[in-house]
> 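Sharing a structure, written as structure tokens. Questions coming.
Count residues from 1 along the sequence.
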Amino acid sequence: VQLQASGGGLVQTGGSLRLSCAASGRSFSGRSFSAYVISWFRQAPGKEREFVATSRRSGSGTDYADSVKGRFTISRDNAKNTVSLQMNSLKPEDTAVYYCAADSSIIMSSTANAAAYDYWGPGTQVTVSS
């Protein structure tokens with residue numbers, strides 16, 4: 001499974017960006033795209049990678065970090081093998097490299113744990129100016 005994140009950029013405080021994560025790969029290792037949990041993480045300079053949002057498998061729900069609840073929305077299009085992250089009311093502290101991650105066997109209690117994911121995209125930079 002290959003993941004490619006896009007949509008990052010420079011935006012002012014209070015602005016919006018929409019990130020997209022496109023998945024590709026031969027038969028997704030024998031599973032359909034809908035069987036994968038897809039999550040976004042971010043990593044700011046000098047900080048550890050942190051969980052942002054999850055789209056559970058088969059459209060069974062979403063989860064968010066407290067720091068982005070009410071501002072970010074994760075959605076998926078299983079027909080297009082994509083997951084998007086709509087980010088509104090951006091703050092300077094949202095500045096980071098954003099990564100999408102995927103896993104088909106992760107348990108729901110581990111979706112916020114970066115180490116639990118098998119597949120990662122290369123990341124896209126989001127910079128929010130004050």
> Under 4.5 Å between any side-chain heavy atoms of L90 and Q12, yes or no?
no
> To the nearest 0.5 Å, what is the distance between CG (L19) and CZ (F72)?
8.0 Å
> Got a second to check how far D118's CG is from S105's OG, nearest 0.5 Å?
6.0 Å
> Partners of R18 by salt bridge (charged side-chain N to carboxylate O under 4.0 Å, His left out), sequence neighbours excluded?
none
> Mind running side-chain hydrogen bond (donor to acceptor under 3.5 Å, both in side chains) on N88 and S16 for me, showing each step along the way?
CA-CA 4 Å; N88 299 328; S16 298; 2.9 Å; yes
> With heavy-atom distances below 4.5 Å as the criterion, would you say the side chains of R76 and I74 are in contact?
no
> Determine which pairs satisfy salt bridge (Lys or Arg N to Asp or Glu O under 4.0 Å) with at least one residue from residues 50-60, sequence neighbours left out, and list them in order.
R42-E50, R56-D63
> On a heavy-atom basis, which atom in A23 and which in L3 lie closest, and how many Å separate them?
CB-CD2, 3.7 Å
> Does the side chain to side chain contact (heavy atoms under 4.5 Å, CB included) test come out yes or no for S39 and V37, once each step is laid out?
CA-CA 7 Å; S39 294; V37 171; 4.0 Å; yes
> Got Y64 and V52 here, is their nearest side-chain heavy-atom distance under 4.5 Å?
no
> Any heavy-atom pair between the side chains of M87 and T73 that's under 4.5 Å?
no
> Once rounded to the nearest 0.5 Å, what's the spacing between atom NZ of K91 and atom OG of S130?
14.0 Å
> As an exercise, state the distance from OG1 of T54 to CG of D103, rounded to the nearest 0.5 Å.
11.0 Å
> Which pair of non-hydrogen atoms, one from A102 and one from I38, has the smallest distance, and what is that distance?
CB-CD1, 3.5 Å
> Between side-chain atoms of residues 108-116 and protein atoms elsewhere (two or more places apart, or another chain), which donor-acceptor pairs fall under 3.5 Å?
| residue | atom | partner | partner atom | Å |
| --- | --- | --- | --- | --- |
| T111 | OG1 | M108 | O | 3.3 |
| N113 | OD1 | A115 | N | 3.1 |

> Look up atom CD in Q86 and atom OG in S20, then write down how far apart they are to the nearest 0.5 Å.
11.5 Å
> Keeping the roles fixed (side chain from R49, backbone from Q43), state whether a donor-acceptor pair exists under 3.5 Å.
no
> List the steps, then state whether side chain to side chain contact (heavy atoms under 4.5 Å, CB included) holds for V126 with L17.
CA-CA 8 Å; V126 172; L17 282 174; 3.8 Å; yes
> Measure the CG-OG distance between L85 and S75 for me, rounded to the nearest 0.5 Å.
8.5 Å
> K69: which residues meet the salt bridge (charged side-chain N to carboxylate O under 4.0 Å, His left out) condition with it, sequence neighbours left out?
D66
> Can you find a heavy atom in the side chain of F33 that is under 4.5 Å from one in the side chain of V83?
yes
> I want to check something: taking the side chain as every heavy atom from C-beta on, are T13 and P92 in contact at a cut-off of under 4.5 Å?
yes
> Spell out, as yes or no, whether a donor-acceptor pair under 3.5 Å connects the side chain of T124 to the backbone of G8.
yes
> Taking only residues two or more places apart in sequence or in another chain, which ones pass side chain to side chain donor-acceptor pair (under 3.5 Å) with Q2?
none
> Listing request: all ring pair (Phe, Tyr, Trp, His ring centres under 6.0 Å) pairs with a residue in residues 98-130, at least two apart in sequence or in separate chains.
F41-Y117, F41-W120
> Less than 4.5 Å apart, side chain to side chain, heavy atoms only: is that true for S129 and T127?
no
